[in-house]
Amino acid sequence: MRKLYACLRVKDFAVAVVLRGQRSQPAVVFSGAGPNVYVYQANGAACATGIRAGMTLSQAQGRSPQQILAAEPRSEQAEHQAQRELLEAAQLVSPRVEDREPGLLIVDLAGVPDAHSAAAKLVRYAAQLGLSANAATSQNRFAATAATQLETGVTHIYPGEAVGFLQHLPVFALPLLTEEKRILKLWGIRTVGEFTRLSADSLTARFGDRGARLAKLARGDDDSLFAAWEAPHEFEESVDFDWQVADLDPLSFLLAEPLRKVCKKLRSLGSAAEAISLDFKLSDGSRATRSVALSHPLTDPDVLLKLIRLELSAHPTGKAVEALTLAAKPVPRRELQHDLFSLARPSPEKLAITIGRLKELMGMENVGAPAARDTHEPRVFSTRPFHPGGAKQQQIVSALGFRCYRPSIEAEVTEESNQPAHVRSRIVDGRVRRCAGPWRVNGDWWLEEGWDLAEWDVELSKGLYRLSCILHSQTWRLVGVYD
Amino acid sequence: MYAELHAASAFSFLEGASLPEDLVGRAQELGYEAVALCDRDGVSGAPRFYQAAKAAGLHPIIGCEISMESERRLTVLVENRLGYQNLCRLLTRMHLSGPKGQGRARWDDVETYAGGLVALIDDIRDGDRILSIFKPQNAYVELQRHFRDQQEAANQARLDFAGHHRLPLLAVNGVRYARQSSRQLFDALTCIRHKTTLDLAGRLLESNAERHLKSPVEMTRLFRDVPEAVQNSAELSRRLQFTLHDLGYQFPRYPLPPGEIATSYLRQITLQGAAERYRDKAHQKRAYRQIAHELNVIQKLQLEGYFLIVWDITQFAKRNNILCQGRGSAANSAVCYALGITAVDSVEMELLFERFLSEERGEWPDIDIDFPSGEKREMAIQYVYERYGKYGAAMTATVISYRDKSAVREIAKTLSFSEESIERLSKCIHYMDATDDGRHTGEQIRMAGFDPTQSRFQHLARLTHEIKNLPRHLSQHPGGMVICQGELDSVVPLENARMPDRRIVQWDKEDCADLGIVKVDLLGLGMLNALEECITIINSRGADFDIAHVPPNDEKTYQMIQAADTVGSFQIESRAQMATLPRMKPACFYDLVVQVAIIRPGPIAGDMAHPFLRRRLGREAVTYPHPSLIPVLKRTLGVPLFQEQLLRMVMIAASFTGGEAEELRRAIGFKRSVERMKLIEGKLRRGLHANGIQGEGQEKIVKAVTSFALFGFPESHSASFALIAYSSSYLKAHYPAAFYVSLLNAQPMGFYSPATLVQDAQRHGIRVKPIDVAVSDLRCRVETDERIRIGLNYVSGITTASAVRIVTQRAVRRFRSIDDFTRRTQLRKSELETLAKIGALNSLGEDVHRRDALWQVEKAWRSRGPLFQNLEEPHEPSPLNPMTPTERLDADYRGAGLTTGPHPLYYQRAQLNELGVVAAARLHALDNGRPVRVAGMVITRQRPMTAKGFVFLSLEDETGVSNVVVRPPMFQKHRSLWTSEPALLIDGVIQKQDGVIHIRAEDAMPLEMHNIAPASHDFH
């Protein structure tokens, strides 16, 4: 059977994905944050005004003062999703599709009836996804790929035409390494045709094996393997209910079966769930999503169900549920062996449930292992994911303990001679017998959220406390007590 | 009352955010009577601190924070001269104990050098040791309070320690910046020091902004529980009486032959030299009278040793065939001329000896000696080190401060800007902006494509402004050396320079001068390298040329100079010089002396240059500001041009004494002169008025004096340089092949790039042969009187070792092919490619062109394995097309920085003619005021500070150079075009005056040169 391939290319893919349907308008996607924001990709209309990748966003915006420049942050997730959609759409034409690079794919048309209309179909499918694309057909994949770069719309390179088509291509259309490009430029080789005048032997002597392959490619002989794309496994189950479910218990009952199926599939492929996401269709037509992040990958449906229940009781949907989709984020499953000499630790499942319960009570962001922050700002810390047996125990020697009030307690302070003289708060009230301070501490002046405090240690009738005055607002807080 | 006895300035290098002057200024505002400067590991800031404190009426106390082997710091204060000397010795030993910046002081050394010092105990872990070394009467326990709770706990331990040992307490604030607002800059410096950013620095930063100079009232309140700590600061400040006025410096004594004293020996060798110098000279008697007078002054000032030491250095140079010449004010001295230190006959030129030395001033003289730069100069420097010992001589320092680009880069890094952003920002800090008024950093941020209203950019702009001119680190001065009797390390600490075998003092030249430390400048002059080599080449080809006996008044030489054919001639080759030479028409040596001086900002800004030229051309009457000044100004046609003339003017017209005239001279010479000049101007006017000089005459004299404040030239210096200018021009006129070869081998130097020198050589009929691995030497060489060969030293990216291998292998056996060449020389691929691209391999085969060579190189350099390694590959014809002429040009400029082929514009002449472009050589035929179109490669750009924003460009085409003037509005409108484009096509108007042709630019556009972009020399 004669080979025939179609190539589909969405130009300026990163821009096209984010700004679908805005091809004629100058548009860029940018990356970076703060002062370091740069143009990642610019579409043709933007390039025509002189905008280039690598410019700062301000520079780019300054280049097209007469026209409005559409600018959006780059979304790798959207690119991944769009590529997936393109590949799935291409599989409607042929099951053998090669994922070349973002925005570029090759379709094997062998056995496809009316292969020449396949290219137009691919372009149509892309358009339905809001993406403008070029397509080309040829027996030579390289020629087809190059044609989608140089030509607009649908191009057909008929048998016997590929070599002639390739001759006029710029030599950089070949898949050259940077060093090879440099050398060819030194040699004055500008086109693929000029490149074909170099013998394969001489190219091999200079570029090694790659030289021989490039020579073949330039002559229209593309013998590289076709790597067909396979859709990744999905661990997802959907259920439509016969009636609306408003309570958690019946909902949990209905979740059990899809959860069991997902877990079975995970185990069969050697995977475990790193997170579970739930998408609910509600009685009023709206949708709600919930997710459960797991501290440890799991495949036990009972444990997962308990965690889902905890999540739903902490964050109920608010309305009855008509349908749901449950999806697991897979990760490779690891078997753990316990050490004979190490202390027994809680099982990952029990630990996950416990942490889940804590998060339900305290809030997602308030559960984890405490980590000191490298700052002078007093009493601040951050949390990191908790792993048992992680940190070493440190011996802390202190003459006096200090208990932080979290949150700190509002206080009214009367001053005399620039010192606190009287304190009133909801937990303690009275005259200051003695005080030490002020302890001045300020920082992060280069950020919007800089801080500036003056703190005092005050002795009241009930004990020794610390007061903190936020200087820019002149508000006082009781921040802790000495133990 | 309170005295701050522990303050650090920016001379703690990234540990202090204020200059010493700012600390003093703030201390004065706060009513202090004394301040101690305790910089880290040095006294670099001490001279400036001392001068500022003296002017402000504060008592300046010297101290230091010394980095100890325990990784903690010891702070000491100097009580007396012994203490200061000990501190210097201790710091010297500390710095010389390791590579630059890594030395640590040992406790043993502290013990040796503790005398005369008072120690401040901060860390009580070292308390007992400090106490045992310094004893209780010389130790204080230091208390600092910065409103930090943990600090108070440590203070309690200090109080306990002091109580236990009955030691006095001392309240200090550990000052790091003068004002509280400088805390942010201090944080930025901390980040720079730790190579981190503000976002990541965490607890490396200070927890608050309390380390500034505080008022005595504040300090009293802060230490109200221990009032004696504050009182002790005042008492201690009164005890510490040493100041830098009392350094105890002595110039070394010269080792004399047995039976001689310095006076007699100096007289003897001077007269020996004079006999040679003044033989058969008409002014011989006058010369001997002058010598006698000068020797008398030298004897009275007891400076014989200085002259003998400098003479000794020049004798070393002579013994080792090193060309050297004294410059500067030393050329005013007949004794220096007789001794062979200088080459200018000061008697014949009637120069002013008192400019160099006078009894009144009581200062050391200043002799600068030019050597060929490079290893010959290094030999002289090492000779001085060896002669005076490890601690007897050192180079002076140069303070490297933050400038525009470095300031932006460093601050931007601390604010977490990406490398790309930093590159953009620093590119927009253009060198030409240094002369712009009102150009703000905010504008530059906008030019870089950012939004200056964003808060990080606002911080960037502010901190960049604050960090500018703060010292970054000490480097060594190129040539200043200080020498001391006994040990220099008892006067100022020494430390290792980055260069091996070099030691530097911690003070720069001006600090040394301010404190009366004698120095000798051993400077490197690229032109002397060129002259040396040129003479060697000439004599190797059968001549007997001696630089000391260059025929004076050579007609051919002066004709060449008058025609401004001076590319390569020392000091008279710049665009501005070339624009003046046809008007000035130097015809004798003194004319050259004037020519060298006249193109300087002083005479230009002082409106002296143009009046002189007009008078010389007979277009203006010769007048004098005052009849009393005729003898002074006669030979410059009534216009003061030289510093010596100004000194004589103020001495005559304003009755300045020699000392006052000297004060004027010092104010003229140093970069801190602007403020001092204002004081002197008042004194000058009073003196002029007292002598009846008022109105316009007074204004003229005052203007001439004040305009010389920054850049005026001494006549003696002009004369020294004019000698070299004449010698170099003579060699160009008579030995052009040797001249161009020596210039090309001495690069980088001079005003023009090697590419322009080659073009000039070709215009003078010299054939310049390209680099060829079959025949080129390591350096350029003369092949015949009309032909020179470019050397392998011009191959971009080739190492010296590779070039040596080429020459060595070629000497064994000639190269048979590119394959043979590659195997035997083992060059890197990049080197082989460059040689191929520039055509240097073309002779290694038949009909080999550059692409052919590249084709062969790509195969030849790959390893073939041991079996085939020694087999020579048969040559196969290459399938590649030869390079076009444009491609060859591009390869030449990229690979060698020059071309020996036709000028790039040669290939475009036909198209340029169609566009109406006039070649440079034809401009002389056009009338003044006529519109004209010119084109060329930009070989120089200048924007002199005195030019009021005008920009001067030189465009080169295949026929010569045309000079373009760009007015400020046009420059601002197309800044990028004028500053960045390598080639331009310009529409303008011819301006012809006195044989000088300029084009006044009206419009311009880039000239496409197909990526051929040799570098222009840009100046401002």
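The sequence lines fix the lettering, A, B, ..., with proteins before strands; numbering per chain opens at 1. Predicted model, so just to flag it, every value in this text is computed and none were measured.
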> Do B/D187 and A/W446 get their side chains close enough for a donor-acceptor pair, meaning under 3.5 Å?
Replying inline: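 On atom types as modelled, these side chains do not qualify, holding no pair under 3.5 Å.
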If you count heavy-atom pairs within less than 4.5 Å of chain A, which of [options] leads?
options                        : value
B/L463, B/L205, B/N208         : B/N208
B/S416, B/S421, B/A836, B/S455 : B/S421
B/E833, B/R456, B/K837         : B/E833
B/E152, B/Q184, B/H459, B/E420 : B/Q184

>> Closer than 3.5 angstrom, by distance alone: can the side chain of B/R851 be matched with the main-chain N or O of A/L186 as a donor-acceptor pair?
In response: yes
>> If we ignore hydrogens and angles and just use 3.5 Å, is the side chain of B/R203 paired with the main-chain N or O of A/H376 as donor and acceptor?
In response: no
Taking side chain as C-beta onward, heavy atoms only, is [X] less than 4.5 Å from [Y]?
X      : Y      : value
A/V441 : B/E206 : no
A/N442 : B/R183 : yes
B/D149 : A/R466 : yes

Answer with side chain, backbone, both or neither: which region of [X] has an atom nearer than 4.5 Å to a non-hydrogen atom of chain B?
X      : answer
A/F207 : both
A/T375 : backbone
A/I189 : side chain
A/E194 : neither

Can you confirm whether [X] is buried at [atom1], in the sense that more than 12 heavy atoms of other residues, nucleotides or ligands lie under 6.0 Å from that atom?
X      : atom1 : value
A/E179 : CD    : yes
A/D209 : CG    : no
A/R434 : CZ    : no
A/N418 : CG    : no
B/K829 : NZ    : yes
A/R403 : CZ    : no

How long is the span from the [atom1] atom in [X] to the [atom2] atom in [Y], to the nearest 0.5 Å?
X      : Y      : atom1 : atom2 : answer
A/W187 : B/E858 : CH2   : CD    : 5.0 Å
B/L200 : A/D374 : CG    : CG    : 9.0 Å
B/R148 : A/E455 : CZ    : CD    : 14.0 Å
A/W439 : B/S207 : CH2   : OG    : 11.5 Å
B/L854 : A/I183 : CG    : CD1   : 9.5 Å

> B/R862 and A/A205: which non-hydrogen atoms are nearest, and at how many Å?
Replying inline: CD-O, 3.3 Å
> If every non-hydrogen atom of A/P438 is compared with every non-hydrogen atom of B/F147, which pair is closest and at what distance?
Replying inline: O-CD2, 3.2 Å
Side chain / backbone / both / neither for [X] at chain A, heavy atoms under 4.5 Å:
X      : answer
B/A201 : backbone
B/Q151 : neither
B/R850 : neither
B/R145 : neither

>> Counting heavy-atom pairs closer than 4.5 Å to chain B, which one of A/L198, A/V37, A/D444, A/T56 comes out on top?
In response: A/T56
